[in-house]
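Throughout, a chain's letter reflects where its sequence line sits, starting with A, and its residues are numbered from 1. Worth saying up front: this structure is predicted, and the values here are computed from it rather than measured.
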Amino acid sequence: MPFVEDARDARAAAMPILAGLNPEQLAAVTLPPEHALILAGAGSGKTRVLTTRIAWLLQTGQISPGGILAVTFTNKAAKEMLTRLTAMLPLNARGMWIGTFHGLCNRLLRAHYKLANLPQAFQILDTQDQLSAIKRLYKQHNVDDERFPAKQMQWFIAGCKEDGERPGDVAVHDADSRRKVEIYQLYEEQCQREGVVDFGELMLRSYELLRDNDAVRDHYRRRFRHVLIDEFQDTNRLQYAWVKMIVGLPGEGGGAVMAVGDDDQSIYAFRGARVGNMADFVREFHVQHQIKLEQNYRSHSNILDSANALIAHNTKRLGKSLRTDQGAGEPVRVYEAPSDFAEAEWVVDEMRQLVKGEGMARKEIAVLYRSNAQSRVLETQLFNAGVPYRVYGGLRFFERAEVKHALAYLRLLENPRDDTSFLRVVNFPPRGIGARSIEQLQDAARAAGTALADAVASVPGKAGANLAAFVARIDVLREQTEGQTLREIIERMLDDSGLLEHYRAERDGADRVENLQELVNAAESFVTQEGFGRDAVALPVDETAALTQSPASQGLDPNAPLLNEPIAAPPGVVDEDTGETLSPLAAFLTHAALEAGDNQAQAGQDAVQLMTVHASKGLEFDAVFITGLEEGLFPHENSLSDFEGLEEERRLMYVAITRARQRLYLCHAQTRLLHGQTRYNVRSRFLEELPEGALKWLTPRQGGFASIAAAQSGGHRARPAWGNSAIYPDMVASAPLPPRKAEPEHGIRTGAKVFHNKFGEGQVMAVEGSGDDARAQVNFPRHGLKWLALAVAKLTVVE
DNA sequence: TCCTTTCCCATTTTT
DNA sequence: TGGGAAAGGA
């Protein structure tokens, strides 16, 4: 076979896709098939490198689509990758595994559901479902919700799973933790009984599947010669373990891993992301190729200089500095407003300037804030000014109550044992089944050890009859929709369940009715896009048998000649031998659970974009306003107590800054309404960490509180000395003060007990400065540590 | 069974 | 201050 020649030709033909790459990008794209870490700075063309890498591997004939595994964090990123890839080269993407961690885990579990000890049509619990499952369990087992808040329990369970711990693995030190583990155990049993898995379970169960089944693990290790992982800095412990399992460490026969990430953009530690995975990866995989992508194609240099200077204040970094060929551009403008209201006003004014004066498109302007609550003032101002805007965040399509109700009916068609869904709709629309009836049913089901649906006969009287009628209704619907198209099934369900009728009769039900119609559309486009039409591309029922029997399905053998055609029918394509498929309905329900849909209103309109800094990650805009740059808000007060938290806040600020292409505005307000109270805030320390030369202060720059913290402990390592406190006007202090040795005239000494009008009695922890600049750090029992300007604060010495 | 009242809480969030 | 959830009354 003239394979070698083919490959050369292919390599030559591949050149066009390499055109325009800078040297680092080109090096990354054309690395040999060995483990590599790509440190990709913001705006450095990371996605382009990833997709071009895959395209290059394919075009040079080094790999067939079936040998590629590409993992992302969001569905959006996965889609983007696939879109760009198919634009780059004509390609049968079918054999490729591109998706989110959870999507790929789902695929694995569907393909090997027997080995994974799951029912074929297992359903996926989203966060809401999981919480209601826990609450239900609490009632059944008389768990005290006061002592073990359900939300906290949910967090606990998710945390255990992320650490790869089953109930038996969790360390127990006291009665409380023992009880928590018991509840975890009960929760696991409930899920197993009902045939449902939560998000963490998808990861953990597929990890265990690979760990415990040599044949399966070897199959995928042989198959995936190239594994690419995006946003590696966001992986948690379990995800990294999963990667190690599906690839294998060096010498274990797996393919090459290309991890792409940016430690400076790691902003999800609070939900389990471990930046440390990057260093672990380098060590454990003996990574020889590390490439930094530092050329930025997005921003002018004033913006980049600011980002670089800011992030240089972090200590735990792999080290990276962005550069650009674009000129300095506009200075970064800093504005101080008297209040949050005025801040919003100013932002809106400035924004209209950009649109009117500079002809900037509204959708190219973004307003970023640290917490969602800040959007309100902005929205009010925008609304009053008649500026179209769009807020990211909030409920997503598949999370809306009416859509969840509809999905619950559909899930019951697939899996009558799904008690979460059962309870959600057993009396919705209302059909005379009250709390007592349900309690009776739950007792009966528990006594018999069956699902709720199977226990209806044991409930006596009218209640029992009603319940039986409900179950019968679902059963009938299941029979009648047998073999129908997804669209027909859903339309019929909407009618027979009474959902549509119910919302039509409701006063404000129009939107909900519309959403239910939209559900039909979503299903329709799912069918066409995912190929659930005539060709019935679906998941094989069990790939395990196929992989042990058919050598062709073993994927690429490293020693075998490369083939030009797809090696095997990968999971995800119908198994032609058995013809078994997952039903379109089951597949659609999975889709609904794994992809909650859009969470932005009125997409497509030319509107100003409002979002949290977190939500802005990965996006870019011509102009960016970062608002609320105040101590306690950004950095957030809850992050001030520890060093790591502060560094994450700084990375967050770094992400925010690097969203801007041309113009960047930083603003803060002296006062802000929070929880119905006016708070006096001091401008954020982050503003002090930016290079003077890149900034333009639109309002006179006054002393900053943050700079004191820095001066105190000699630079950016400052640990904030104040606690969770609101900051009061008399706490305002000015720029770094030269400590003087002269005897203070205020008479406040370290260790003294003092009295403050607002905070009461407290102990002086430290005193610095003199004259008007003198300030004392006081520990108030009820308000925590505070720095007070002695010229302003009226402190009387008690002792 | 539904609607009102009360209470509690209050970063960031994808799957 | 305001939203969401749970408890209590018609």
Show your reasoning for whether side chain to side chain donor-acceptor pair (under 3.5 Å) applies to T235(A) and N277(A).
CA-CA 7 Å; T235(A) 51; N277(A) 284 347; 3.0 Å; yes
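Qualifying side chain to side chain donor-acceptor pair (under 3.5 Å) partners for R400(A), counting only residues two or more places apart in sequence or in other chains: none. Residues passing the salt bridge (charged side-chain N to carboxylate O under 4.0 Å, His left out) test with R672(A), sequence neighbours excluded: E343(A), E630(A). With sequence neighbours left out, the side-chain contact (heavy atoms from CB on, under 4.5 Å) criterion links R205(A) to L109(A), A116(A), N117(A), L118(A), R166(A), Q192(A), E201(A). Every side-chain contact (heavy atoms from CB on, under 4.5 Å) that A406(A) has, sequence neighbours left out, goes to M493(A), L494(A), L499(A), L516(A), L519(A). Residues satisfying the side chain to side chain donor-acceptor pair (under 3.5 Å) test with Q190(A), not counting sequence neighbours, are none. Take V243(A) and apply the side-chain contact (heavy atoms from CB on, under 4.5 Å) test, not counting sequence neighbours, and it matches F101(A), I229(A), V247(A). Every residue was checked against the side chain to side chain donor-acceptor pair (under 3.5 Å) condition with R473(A), not counting sequence neighbours, and none meets it. Residues passing the side chain to side chain donor-acceptor pair (under 3.5 Å) test with N466(A), sequence neighbours excluded: none. For L131(A), the side-chain contact (heavy atoms from CB on, under 4.5 Å) partners are K135(A), A150(A), K151(A), Q154(A), not counting sequence neighbours.
OP1 or OP2 of dG3(C) lies within a sub-4.0 Å distance of a side-chain N or O belonging to R376(A). Close to dT13(B), at under 4.0 Å from its OP1 or OP2, lies a side-chain N or O of T612(A).
E649(A) comes within 4.0 angstrom of a nucleotide base, judged by non-hydrogen atoms across all strands. Counting any heavy atom pair closer than 4.0 Å across all strands shown, F270(A) reaches a base atom. Within 4.0 Å (heavy atoms only), D198(A) reaches no atom of the nucleic acid at all.
Atom name C1', nucleotides dG2(C) and dT13(B): the rounded distance is 22 Å, in whole Å.
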Heavy-atom contacts, protein to nucleotides 4-10 of chain C, under 4.0 Å, summarised as B (base), S (sugar-phosphate only) or - (none) per nt, yield --S----
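The nearest whole Å value for the distance from the CD atom in E637(A) to the P atom in dA10(B) is 11 Å. Here the P atom of nucleotide dT14(B) and the CD atom of Q128(A) are 13 Å apart, to the nearest Å. In this structure, L202(A) places its CG atom 17 Å from P of dT14(B), rounding to the nearest Å. The distance between atom CD of E162(A) and atom C1' of dT14(B), rounded to the nearest whole Å, is 11 Å. Atom CG of L238(A) is separated from atom P of dT15(B) by 17 Å (rounded to the nearest Å). The CD atom of Q123(A) sits 18 Å away from the P atom of dT15(B) (whole-angstrom rounding). Counting to the nearest Å, the P atom of dT13(B) and the CG atom of L395(A) are 13 Å from each other. Between L633(A) atom CG and dA10(B) atom P there is a gap of 16 Å when expressed in whole angstrom units.
Cation-pi geometry between R110(A) and F122(A) is met: the NZ or CZ atom falls under 6.0 Å from the ring centre, inside 45° of the normal.
Here the side chain of R396(A) is nearest to one of dT12(B), dT11(B), dT15(B), namely dT15(B). The N372(A) side chain lies nearest to dT12(B) when the options are dT15(B), dT12(B), dT11(B). Distance from the side chain of Y268(A) is smallest to dT13(B) among dT13(B), dT11(B), dT15(B).
Residue ring and base: H636(A) counts as stacked with dT11(B) (centre distance below 5.5 Å, interplanar angle below 30°).
The base of dT15(B) sits with one of its N or O atoms less than 3.5 Å from a complementary donor or acceptor on the side chain of T127(A).
When all heavy atoms of F199(A) and D126(A) are compared, the closest pair comes out as CE1-CA, 3.7 Å.
Contacts between residues 666-676 of chain A and DNA chain C, defined by a heavy-atom separation under 4.0 Å, are made by H675(A), G676(A).
Ring geometry, Y503(A) versus H405(A): the interplanar angle falls from 30° to 60°, so the pair is classed tilted.
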Taking only nitrogen or oxygen atoms into account, show me every contact under 3.5 Å that the protein makes with nucleotides 1-7 of chain B, one pair per line with its distance.
{"from": "dT1(B)", "atom 1": "OP1", "to": "N427(A)", "atom 2": "ND2", "distance (Å)": "3.4"}
{"from": "dT1(B)", "atom 1": "OP1", "to": "I433(A)", "atom 2": "O", "distance (Å)": "3.0"}
{"from": "dT1(B)", "atom 1": "OP1", "to": "G434(A)", "atom 2": "N", "distance (Å)": "3.0"}
{"from": "dT1(B)", "atom 1": "OP2", "to": "G434(A)", "atom 2": "N", "distance (Å)": "2.9"}

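Between A596(A) and H614(A), the residue whose closest nucleotide on DNA chain B is further toward the 5' end is H614(A).
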